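When reading the values below, keep in mind they use all heavy atoms of this one structure, side chains included, and skip hydrogens, waters and symmetry mates. Nothing here was measured: the structure is a model prediction, and the numbers come from that model.
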Amino acid sequence: MDAQQIMNLSVVGLTFALYIGIAIWARTGSTAEFYVAGKGVNPVANGMATAADWMSAASFISMAGLIAFLGYSGGAYLMGWTGGYVLMALLLAPYLRKFGKFTVPEFIGDRFYSNAARVIAVIALLAMSITYVIGQMRGVGIAFSNILEVPLWIGLVSGMAVVFIYAVFGGMKGITYTQIAQYVVMIFAYTVPAVFISLTITGVPIPQIGLGSTTEAAGESVHIIQALDRTLVEIGFAPYSELANMSMLNMFMLTLSLMIGTAGLPHVIIRFFTVPRMRDARRSAGWALFFIAILYTTAPAVGAMAMWNMLNTTIEDPTEVWDNREALAEPDAWMAYDEQPGWMEHWAGTGLLDIEDKNEDGHLQYYNEDDEEMARFAEEHGWEGSELDIDRDIIVLANPQIANLNPIVVALVAAGGIAAALSTAAGLLLAISSAVSHDLLKGVFMPRITEKQEMLAARISMAVAILFAGYLGLNPPGFAAEVVALAFGLAAASLFPTLMMGIFMAKMNKQGAIAGMLVGLFSTLLYIFIYKGFFFFPETALLPDEEAYWLFGLNTTSFGAVGAVLNFIAAYVVSKLTAPPPKEIQQLVENIRVPKAD
């Protein structure tokens, strides 16, 4: 065990002791504490917990990796996720808090005066939340395999055990205060390395400004984005600053799907039920947006600088190949195979980075073998394919190692990655358990169940969800952020339109809501399953997940916006063909929107 691993284990071990200690201190004794923390959380604290709940492994671990490899196209994730939070804060959170129920399905069941609507909302919530948890479990596994230097499956099982301990016993009260601690760990872990890396590359300590600054290259000052563009083009990739890897239609639809999907996330909406008053829900939304912005404005700089550092690792001098691809054919243009830096050897041991000297020339060639022109160039020079395969989800965790930062900073990033995955996983598991125990058992099938039995059912359902998500976390349908985008698409197609119509359309009836949810949810699920495999088992996929086979060129992560439109249309048409809701329901909807002084 080397010094870095000891440091990793020490820092992560201290954070675990903190999380579990908080869970024990804040253990729940009633369903009100388990579901909504007794509705007594301070707005600032709730804003911080909400930020941690929402900024998942996709935000901390995967998003910057996507931006690093997608460049400008990765901006869809930034715009979608942050824009969606504004929609939630303005259009949904205050009104749902005023309604005063524990869960989103409970609101839908009461607003649409139908247990059937409540059950369908639970099905939608479970489909979305379990898909979302798969991405978190993958993030947990990657983070643990990093600090323990073990295969992914061992890291994933270790993370599952920790989630089980503090989520199952702490409930919402324990999760809330744990997430506050996790946010502090997460934001320090994300911004501190970014500051040092920005300072090293650009001389500017503020990453957001550093991204637009220059670096010394080719004996002159060159903007980082310009340097990335020129280097990536020469090795066959699209320019970093241009829309590539997806069409403009896909980028627009993905952004829209992520926005309205964010606004419909039940595990985040439930956080606004934990504050004392409606006014506090608005305040906590504002604080949460502030806390989220710290990380989200840093992510583009982290992605760009990570890619620049990686290119400088594999290519001896990227400036030598600018406008001169032939320089890549020089023997010493690439990193020597037997001189791999420590970070590569470390991540190769986890199985998330693959290095193979295919042409046995003693050097490591990294290029886009799918680019026809680059493939011809490679063949002319005896290359037999790109010899470096990097999992996008390791970029943030590997970034401080690539930049040769202090071991304490490396350990802090490892702890932050785990905090991000655990915080969201806990919130999702709570949403799953409350849907099963409170909405299905207590609300529909077993209304006379005791509080003790309800708590037991909640904990059992949470444990089952952990096991299922852990299994699929080993065989995910994509990178962490891509899996999370699928979950957001399901929320966009099913819950968001129903919540909006429930609040702003007094004459929307139960028949319309049920029809809309069924059409939106199952059309989106079917589209995803056709390309990703039914229940995400790839061998059951009906068509290859490639642009040539997509409907209207829309990939699976973008289809949620289409599902939402279908939901609205089906609900509107059916509601017009059936009887309007009772007068008392229409009055209830009007009362929800009336401002109050509290």
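- Checked by atom type, the side-chain pair Thr297/Gln208 shows a donor-acceptor distance below 3.5 Å.
- Shown here are the side chain to side chain contact (heavy atoms under 4.5 Å, CB included) partners of Thr524, two or more places apart in sequence or in another chain: Leu490, Ala493, Ile528, Phe559.
- Under the 30°/60° scheme for interplanar angles, the aromatic rings of Trp383 and His381 are found to be tilted.
- Here Trp334 and Tyr366 keep their ring centres 6.0 angstrom or further from each other.
- In plain terms, the two heavy atoms of Ala492 and Ser257 that are nearest each other are CB-O, 3.6 Å.
- The nearest pair of heavy atoms linking Leu78 to Pro300 is CD1-CG, 3.4 Å.
- Atoms OG1 and CD, on Thr202 and Glu216 in that order, are 11.0 Å from each other to the nearest 0.5 Å.
- Taken from CG in Asn312 to CE in Met335, the straight-line distance is 12.5 Å, to the nearest 0.5 Å.
- Thr214 has its side chain out of reach of Val222: every pair of non-hydrogen atoms, C-beta onward, lies at least 4.5 Å apart.
- Closest non-hydrogen pair, Leu412 versus Phe188, comes out as CD2-O, 3.8 Å.
- Under the salt bridge (charged side-chain N to carboxylate O under 4.0 Å, His left out) criterion, Glu373 pairs with Arg325, not counting sequence neighbours.
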Donor-acceptor list for residues 64-75 side chains, cut-off 3.5 Å, not counting sequence neighbours:
residue, atom, partner, partner atom, Å
Ser73, OG, Ala244, N, 2.9
Ser73, OG, Ala244, O, 2.3

